[in-house]
Asks: 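The structure is given below, and queries will be raised subsequently.
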Amino acid sequence: MKSRNLIKKEYLSKIQEIKKHNKFYYEKNSPKISDEKFDILKKEILDLEKKYNFLKSKWSPSTTIGYKPSKNFLKSIHRTKMLSLSNAFNEEDLINFEKKISNFLNTNSLKNNIEYSVEPKIDGISASLTYKNNSLALGVSRGNGIEGEIITENLKTVNSIPKKINNKDFPKDIDIRGEVYIEKKDFEKLKDRFANPRNAASGSLRQKDPNETKKIPLKFIAYTYGFIGSSSFKKQSEFLGLLETWGFKVNKFNSIVKGIDKLIRNHNEFEKKRYDLDFDVDGLVYKINNIDLQKRLGFVANAPRWAIAHKFSANSSFSKILNIEVQIGRTGALTPVAKVNPVNIGGVVVSNATLHNEEEIIRKDIRVGDVVKIERAGDVIPHVLSVDLKKRAGNLKKFIFPKKCPSCQSKVIKDYNKNTKKFDAVQRCSSEGYKCEKIVIEKIKHFVSKEALNIEGLGKKVVEKFWELKFLKFPQDIFNLDYKKIEVLEGWGKLSSLNLKNAIDKSKNISLDKFIYSLGIRYIGQENAKLLAQHFQTKVNFCKMSKNFNFSLLSNIDGIGETQINSIKKFFSDHININVVQQLVSEMNVRDTKQSNDGKLKNKTFMFTGKLSKISRAEAKSITEQNSGKILSNVTKNLDYLVIGEKPTTKKIKQANELNIKVIKQSEWEDLLN
Ligand code: IVH
């Protein structure tokens, strides 16, 4: 059982987190996490509150709506609060929603008989428009639901917002509410400035200068009212009809649906259709159509009891394949990538989705022109899940995978995997690294990447540009750039070119493990590079191995297997690679792996055999080395201790006994450390 304090601590840290992200999202229009992650965080907080009723915070999503208005604008208190909607993600949530309604109204007669106004939930920014005596008098953002920012002048620049309404039946004093949004095609022109259409709408709407807002083609769709005097309509659908006669745009996909089964069916169909729409939709809003029932049901803290938002999957969506490109990676792997119509998946606009390899394309029968389901889970590259065959036009051609590398025309090969006794699904360019242009570009990108040399200002796009301009051919060329040529490039200048020079100079100082990793040897990722650096200790030792072709020693390193050794061998069998390593070593200051020399195991040598308890042999070796001990890979007279775990190699024990070497248990080794 967790203590009350611990639960509180966990809760408050989540509140801090959501507070931070609220700020990024609402104040800066620049979210740092996806909507999906934001929703998960929100749900975790709400779940904790449900479970432990002593948890409360004024920053909790259960009490706040949106975010406090910014300081740029004057504020106005909403005459009727601007509420939020609770979310439903599946059938069960909808059943619960109806159950709560029946309980509240104390009736069973509504079961599966409630009529809903079903409205697409446009992913934009809500706004409240106050009309007095037929004229638009005030326009306010949602803000925190209680008070919003006065953005009247900005809203007046939106063409679809009527400024005057002359219909006789238009109320003399009314708040009309709806969504300000930007169409997908218009977002295309703004995509460098904003993460998604909603951020673009929010950012444009909250410009200080309305002339700036005017430049953006914002749209408005009306869907509800705030303050209203007397009214004659009895249904939400009726009100939507009135909005239209008054000159507001309403959603053409609004409909009326009865019963949960039909709601689900409609939701499934709409989810497939949404990529086709001109605007982003993140769910469907269900509102009880009968206004009297709405009035009886009223509200919980910040949401109506009579409405719910049935969200679409936050990590998948549909789009059309415009083209299939085959990209070449650092290790020569050919990856087919679908270029799709840009689609918003959980707040991120996706226009590329991986198809993995040729087998996957065949298995899923994916063709250019197909409508496909794309998944974007966490930070993994989006990928195509399946084809919607019902939407396939008759004449789509099968995709033919290239037999030659699209960059250097070398033969395309598949590696044979000795363990599985099968050929890999991935096809590779058979040329050796530096002979294929695309592979080199990827190698250089890897060399300067965050986990390797970490050079700020030398991102992927810049590497491509420098390559195109022939500033770079090999990784070592980054140390001999001509900054006079760089500073005159478009978007550069003296300062940025000087900053780049400083960043590159700084990167010359590097630890051995990062250096090894930066070489981009296949199968040598960060962890394996660390193991190698531990083993070699100095760049001199590392280079010696490549000169003497003494690779057999590598088999003594725990964690480095045949695959890695073969890959290292292959790497150093290419004279260009050897040349690159030599040049880099002479340009850079590659630091030796740190080794403390006065640890508890100083001057002692160890060897481990058998399975250890709680830790791996690799960790035991690393602990030994951290404490200045040395690891030997053979039982010789230089060995001080043979440490035995479960099922040790008996031959080693026998040899140790013959040489009078101390054979100790893991616990005795631990005693030496303490
Ligand atoms: S009704 C009292 N209808 O969803 C009900 N909201 O989470 C309050 N939204 O702030 C809103 N389409 O930005 C309603 N047809 C629709 C909507 C809609 C989009 C947004 C709106 C609101 C949010 C609620």
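Counting starts at 1 for both ligands and their atoms, following the listed order. For the numbers below, each heavy atom of this structure counts, side chains included, while hydrogens, waters and symmetry mates do not. Given the structure is predicted, the values throughout are model-derived calculations rather than measurements.
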Asks: Heavy atoms only, cut-off 4.0 Å: how does Arg142 contact ligand 1, side chain, backbone, both, or neither?
Replies: side chain
Asks: Consider every N or O of Glu119 and every N or O of ligand 1, then say whether any pair is closer than 3.5 Å.
Replies: yes
Asks: Counting only heavy atoms closer than 4.0 Å, does ligand 1 sit against the backbone of Glu179, its side chain, both, or neither?
Replies: side chain
Asks: So if I count the atoms of ligand 1 from 1 in the order they appear, which ones are less than 4.0 Å from some heavy atom of Lys287?
Replies: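 Answer for ligand 1: 1 (S), 3 (N), 14 (C), 15 (N), 16 (C).
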Asks: Mind checking whether Pro120 contacts ligand 1 via backbone (N, CA, C, O), side chain (CB onward), both or neither, at a 4.0 Å heavy-atom cut-off?
Replies: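 It is the backbone that gets close, since no side chain atom is under 4.0 Å.
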Asks: Donor-acceptor pair, Ser231 side chain versus Phe233 backbone, under 3.5 Å?
Replies: no
Asks: How far is atom 21 (C) of ligand 1 from its nearest protein heavy atom, and which residue and atom name does that atom have?
Replies: Tyr223 OH, 3.0 Å
Asks: Quick check, are the ring centers of Phe38 and His21 under 6.0 angstrom apart?
Replies: no
Asks: Examine Phe248 together with Tyr131 and report whether their ring centres are nearer than 6.0 Å.
Replies: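 Yes, they do, as the ring centres are separated by less than 6.0 Å.
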Asks: Of the protein's non-hydrogen atoms, which lies at the shortest distance from atom 2 (C) of ligand 1, and what is that distance?
Replies: Pro304 CG, 3.6 Å
Asks: Looking only at side-chain N and O atoms, does Thr224 offer a donor or acceptor that is under 3.5 Å from a partner on Arg177?
Replies: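 Their side chains do not contain a donor-acceptor pair, so the 3.5 Å distance test is not met.
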Asks: Got more than 12 heavy atoms from elsewhere within 6.0 Å of NZ, Lys163?
Replies: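 Check passes, neighbour count above 12.
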Asks: I need the minimum non-hydrogen distance between Arg392 and Val387, along with the two atoms involved.
Replies: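 Shortest heavy-atom separation between Arg392 and Val387 comes out as NH2-CG1, 4.0 Å.
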Asks: Would you mind checking which non-hydrogen protein atom is closest to atom 4 (O) of ligand 1, with the distance to 0.1 Å?
Replies: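 Protein heavy atom with the smallest distance to atom 4 (O) of ligand 1: Lys121 CE, 3.2 Å.
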Asks: Measure centre to centre between the rings of Phe89 and His310, then say whether the value is under 6.0 Å.
Replies: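 So the answer is no for these two rings.
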Asks: So between Leu85, Asn254, Val285, Leu83, whose heavy atom ends up nearest atom 7 (O) of ligand 1?
Replies: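 Ranked by closest heavy atom to atom 7 (O) of ligand 1, first place is Leu85.
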Asks: Please work out, at 4.0 Å between heavy atoms, whether the side chain, the backbone, both, or neither of Ile122 comes within that distance of ligand 1.
Replies: backbone
